[in-house]
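Below: one structure, written as C-alpha cells.
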Amino acid sequence: MRLLNLGSLLPGAALLALVGCSGGGNTTPAGVAEFTTIDFARVDNYSAPALPAYFDQSVTALDNTPASNPIDDRVATLGRVLFYDLRLSTNNRASCASCHRQPFGFTDPLRFSNGISSAATTDAHAMRLANVRYWQPGTSFWDRRAASVEEQVTDPLHSLVELGWGGAAGDMDDLIRKMDATPYYPDLFAWGFDSPAITEERMQRALAQFVRAMVSSSSRWDEGYAQVFSTGAPDRALDAALPNFTAQENRGRHLFMTAVEQGGASCSACHLPPTFALAADARSNGLDAGETRLFKAPSLRNVGLTGPYMHDGRFATLAEVIEFYDHGIQDGPALDPRLRQGSGPRRLNLSADDRAAIAAFLMTLTDEKFIADPRFSDPFRR
C-alpha cells in the first residue's frame, strides 16, 4: 500500500494544522533538526542572563523593551534563526548577519555593506548591536527614523539593496509563502507562538527579542570594575583605578569618565557606563558644519574590534575618531551642548599620549565572551 505524502502536497503551516501540532513539545521536529542546531529540549537562556551587580536599577531604567514584547527564550531562539537565515532574502544570498557579524561585535568591517548583490551597497555603516536594549527612547537606525527595535528589524526585508523584497522578486506575502514552505519555520513559529502562522509582526517580535538579548557585560573593563564597584562610592566608583588595567588604560579610563572641568574629556557624559550606550538626550556630534540631524550612536562596547566609524564610516581608526572629538567638532544648530565651549565647538587639545590612552581604554571594552557566545551564533547546518 502506497502512503500519501502530505508534506509534498501541503505547505508547512497547513500540514501542522491538519495533524494538530501545537508547537508546545520538547521534541525537536525533523525539519528543524535537519537544517539547524536548535534543540527544543535545551533552550538557550535569553530572558534571564546573569549580569554584574552594577547592571542594577540604574541600567534597567533605560531598558526599551516594551511590555508587549518581553523576551521569551523560545521566541528569541526563533529570532536567532531569522537573523542568520539567507532564505529571508530574495536570492538566498543575504541575511541580517551578513552586515552584522558576530566576530566584529555585530557590525561590518566594510564601510558600506552588500546585500543581495555586490553591485549595490547600503548608504550607511552597519551599527554594532550590543546593548541595544539600553537606549532610550528606543528609536533605531543612525538617523532614529524607526520608532522601536521592532519597527527596525524588518526594515531590511523591504530594502531592495539589503534583502530585496518589494520589487520584481516579490513582496512580503511572497516571503511569507517562501518561509511557510520551508521544513522548519512552521514548527518554529508554532513552538514560539503556539500557532504556525507566519506574519511580519511575529518576525518583528522574534528578531527584536534576539537583538535585545545581546547584552555585553564581560569585557576587561567589567572584570576590573566589578572589583571596585560600590553604590555608596562617589559616582559609583567609575573613576576608581582598576587593578587589572595598565597605567595607560587607567589614564584613558580617567579621561573618559571625568568631566572636562576636572581635567577629563567628558566622554561618559554621552556614552553612559556600564552599558556605554548613548544618553537619551544626546544630539548631533558635529561631524559636519551646519548639521541639523540628530544621530544615534551604538554602544561603545566592542568598538575596538573593527572600523570604520560614524554613520558614514568616514573614520577608519579609533585614533581618527579621538582626534575628531579632540579638535575637529563642527558647529551647527543640532550640536549637543556637551560638545560646546562658549559660543563654539569644544576643543579638548589633548596631548598625543592622552589621545592614545583613551584609545587604549576603549580597547578594554572588547567582550571576547560576547563575540563567541553560542547563543548569538549561526544556528544553521551549512
Side-chain angles (χ1 to χ4, degrees), residues 62 64-66 83 94 96 98-101 104-115 120-166 200 204 207-208 211-212 214 267 269-272 275-303 306-316 320-321 324-325 328-340 345:
L62 302 174
N64 58 45
T65 303
F83 187 88
C96 302
S98 300
C99 301
H100 300 279
R101 300 165 60 182
F104 300 105
F106 291 99
T107 186
D108 194 338
L110 297 176
R111 182 174 182 181
F112 302 113
S113 302
N114 296 120
T121 63
T122 58
D123 57 6
H125 182 60
M127 300 178 77
R128 295 180 303 279
L129 297 181
N131 297 344
V132 159
R133 70 186 300 172
Y134 299 121
W135 150 256
Q136 288 289 356
T139 49
S140 292
F141 290 115
W142 288 103
D143 58 5
R144 313 187 189 191
R145 67 182 182 273
S148 65
V149 179
E150 283 76 7
E151 182 178 319
Q152 181 275 324
V153 288
T154 57
D155 186 270
L157 294 172
H158 301 277
S159 165
L160 297 181
V161 170
E162 295 179 70
L163 301 188
W165 299 99
E200 183 173 4
Q204 289 176 326
L207 280 165
V211 171
R212 286 199 181 96
M214 294 180 182
C267 308
C270 290
H271 303 280
L272 307 177
T275 68
F276 294 92
L278 194 65
D281 60 348
R283 292 173 60 79
S284 167
N285 62 347
L287 279 173
D288 298 302
E291 184 61 74
T292 59
R293 295 173 295 177
L294 300 183
F295 289 108
K296 175 197 172 181
S299 167
L300 294 184
R301 285 179 175 270
N302 301 302
V303 70
T306 186
Y309 303 100
M310 304 300 170
H311 70 284
D312 56 5
R314 69 179 64 185
F315 299 133
E320 291 178 31
V321 174
F324 161 74
Y325 281 112
I329 296 171
Q330 303 297 302
D331 202 0
L335 183 64
D336 192 287
R338 283 161 287 207
L339 299 177
R340 288 191 175 279

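Note that these values count all heavy atoms, side chains included, but never hydrogens, waters or copies made by symmetry.
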To the nearest 0.5 Å, what is the distance between SG (Cys99) and CG (Leu129)? 10.5 Å
What is the minimum heavy-atom distance between Leu294 and Ala334, and which atoms define it? CD2-CB, 4.0 Å
When the ring centroid of His125 is compared with that of Phe112, is the distance short of 6.0 Å? no
Could you tell me whether the side chain of Glu162 and the main chain of Leu160 form a donor-acceptor pair under 3.5 Å? no
Hey, does the side chain of His100 reach the backbone of Asp108 with a donor-acceptor pair shorter than 3.5 angstrom? no
Just wondering, do Glu291 and Pro333 contact through their side chains at under 4.5 Å, heavy atoms? no
For Asn64 and Pro137, indicate whether the former's side chain and the latter's backbone hold a donor-acceptor pair under 3.5 Å. no
Short question: side chain of Ser140, backbone of Ala146 - any donor-acceptor pair under 3.5 Å? no
Where the side chain of Glu320 meets the backbone of Ala316, is there a donor-acceptor pair that is under 3.5 Å apart? yes
Looking only at heavy atoms, the pair that brings Ala297 and His271 closest together is CB-CE1, 4.4 Å
Can you find a pair of side-chain heavy atoms, one from Arg111 and one from Arg314, that are under 4.5 Å apart? yes
Quick one: pull up CG in Leu339 and OG in Ser284 and give me the separation to the nearest 0.5 Å. 8.0 Å
Show your reasoning for whether side chain to side chain contact (heavy atoms under 4.5 Å, CB included) applies to Arg101 and Phe106. CA-CA 4 Å; Arg101 300 165 60 182; Phe106 291 99; over 6 Å; no
Tell me, please, whether Phe141 has Arg145 positioned over its six-membered ring: NZ or CZ under 6.0 Å from the ring centre and within 45 degrees of its axis? yes
Any side-chain heavy atom of Arg340 within less than 4.5 Å of one from Asp331? yes
Just do the side chain to side chain contact (heavy atoms under 4.5 Å, CB included) check on Asp155 and Gln204 with the steps written out, would you? CA-CA 10 Å; Asp155 186 270; Gln204 289 176 326; over 6 Å; no
Between atom CZ of Arg133 and atom OG of Ser299, what is the distance when rounded to the nearest 0.5 Å? 13.5 Å
Tell me, with the steps shown, if Asp336 and Asn285 meet side chain to side chain contact (heavy atoms under 4.5 Å, CB included). CA-CA 6 Å; Asp336 192 287; Asn285 62 347; over 6 Å; no
Donor-acceptor pair, distance only, cut-off 3.5 Å: does the side chain of Asn302 make one with the backbone of Gly105? no
Test side chain to side chain contact (heavy atoms under 4.5 Å, CB included) on Leu287 and Gln330; report intermediate values, then the result. CA-CA 6 Å; Leu287 279 173; Gln330 303 297 302; over 6 Å; no
Side-chain (Tyr309) to main-chain (Val303) donor-acceptor, under 3.5 angstrom: yes
Is a side-chain donor or acceptor of Thr121 paired with a backbone partner of Ser113 at a separation under 3.5 angstrom? no
Got a donor-acceptor contact below 3.5 angstrom from the Thr154 side chain to the Leu157 backbone? no
Spacing of Ile329 atom CD1 and Asp288 atom CG [to the nearest 0.5 Å]: 12.5 Å
State, yes or no, whether a side-chain contact exists between Trp165 and His158 at a heavy-atom distance under 4.5 Å. no
To the nearest 0.5 Å, how far apart are CG in Asn131 and CG in Leu272? 11.5 Å
Side-chain heavy atoms of Arg293 within contact of Arg144, under 4.5 Å: no
Checking Gln136 side chain against Leu62 main chain: does a donor-acceptor pair fall under 3.5 Å? yes
Residues, nucleotides or ligands: over 12 heavy atoms within 6.0 Å of Asp143 CG: yes
In sequence, state the C-alpha distance, the side-chain angles, and the governing distance for Arg212 and Glu150, and then conclude on salt bridge (Lys or Arg N to Asp or Glu O under 4.0 Å). CA-CA 10 Å; Arg212 286 199 181 96; Glu150 283 76 7; 2.6 Å; yes
Starting at CG of Leu278, measure out to NZ of Lys296 and round the result to the nearest 0.5 Å. 8.5 Å
